[in-house]
Number of protein chains: 2
Amino acid sequence: PFVGAVSLIVYVSVQAFKGKPPEKKTPVNLKVMKETGKVVNMVDIEDLGDKVSYCRCWRSKKFPLCDGSHNKHNEETGDNVGPLVLKRREATN
Amino acid sequence: PFVGAVSLIVYVSVQAFKGKPPEKKTPVNLKVMKETGKVVNMVDIEDLGDKVSYCRCWRSKKFPLCDGSHNKHNEETGDNVGPLVLKRREATN
Ligand code: FES
Ligand code: FES
């Protein structure tokens, strides 16, 4: 009965702890320039080519550019993020 | 001794559970167009004004534009994210 009682109490304690709603206040950026207070990228519009994708998932190895890493992130977390795509209308693709 | 032993075991169990490394695989986007498989925004370069900031924290009420919400997000989570700023060099500010 002692072991049973202890097991029950441990089980209830752990379940209660797990049962807390997941913490929603989590960082978005895990790795990019974490030594910087705020990562702001400035881009001159005149320098933009015909088409360029900018990362918004913070998982790209080419940040601030998108390298497709959002797909793995979405699969792993159930997220639905993707890049900002800047393109020139008159560009022939 | 019974209560003491139980308390100790509960304490150790909860600490062990808390001690696990925090789950890093969390979504970035909590609210923006969650009914969409992947949120990709396409912008025509010709339509850009002299300066515009695009959100990368997914907390803006004006998404895909930045409305400054990254600051609250950073404060609440210890994160360091900020917008992508597109600007025209020759624009007189
Ligand atoms: S790699 Fe981050 S949005 Fe594509
Ligand atoms: S509000 Fe999201 S980056 Fe500014």
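Convention: sequence-line order gives letters A, B, ...; per-chain numbering from 1. Heavy atoms only: backbone and side chains are in, while hydrogens, waters and symmetry mates are out.
- Both A:Leu84 and A:Leu48 belong to a single network of hydrophobic side chains, linked directly or stepwise wherever heavy atoms of I, L, V, M, F, W or Y lie under 4.5 Å apart.
- Remark: A:Met42 CE to B:Arg89 CZ distance equals 12.0 Å, nearest 0.5 Å.
- Side-chain N or O atoms of A:Arg56 include none that pairs as donor or acceptor with a backbone N or O of B:Pro64 at under 3.5 Å.
- A single hydrophobic cluster is seen to contain both A:Phe63 and B:Trp58, as judged by linkage of ILVMFWY side chains at heavy-atom distances under 4.5 Å, directly or through other members.
- In the hydrophobic clustering of this structure, B:Ile45 groups with A:Tyr54; members are Ile, Leu, Val, Met, Phe, Trp, Tyr whose side-chain heavy atoms approach within less than 4.5 Å, directly or through other members.
- Options B:Gly78, B:Pro83, B:Pro27 differ in how many heavy-atom pairs under 4.5 Å they form with chain A, and the most are formed by B:Pro27.
- Of the atoms belonging to A:Asn29, heavy atoms from both backbone and side chain fall under 4.5 Å from chain B.
- Using a 4.0 Å cut-off between charged nitrogen and carboxylate oxygen, B:Asp44 and A:Lys87 count as a salt-bridge pair.
- Under the 4.0 Å criterion applied to side-chain N and carboxylate O atoms, B:Asp79 and A:Lys34 are assigned as salt-bridge partners.
- Contact annotation for A:Val52: neither backbone nor side-chain heavy atoms come within less than 4.5 Å of a heavy atom of chain B.
- Hydrophobic clustering of Ile, Leu, Val, Met, Phe, Trp and Tyr side chains at less than 4.5 Å, counting indirect connections, keeps A:Leu65 apart from A:Met33.
- Closest approach of A:Asn74 to B:Lys38, counting heavy atoms only: ND2-CD, 4.0 Å.
- Looking at every heavy atom in both residues, B:Gly82 comes nearest to A:Val40 through CA-CG2, 4.2 Å.
- Only the backbone of A:Cys55 has a heavy atom closer than 4.5 Å to any heavy atom of chain B.
- Between A:His70 and B:Val28, the closest side-chain pair of non-hydrogen atoms is not below 4.5 Å.
- We find the OG1-NZ distance between A:Thr26 and B:Lys25 to be 14.0 Å, quoted to the nearest 0.5 Å.
- Of all the heavy atoms in A:Asn80 and B:Gly37, the pair that sits closest is CB-O, 3.1 Å.
- Placement of B:Val43 and A:Val85 in two distinct hydrophobic clusters is found when ILVMFWY residues are connected by side-chain heavy-atom separations under 4.5 Å, directly or transitively.
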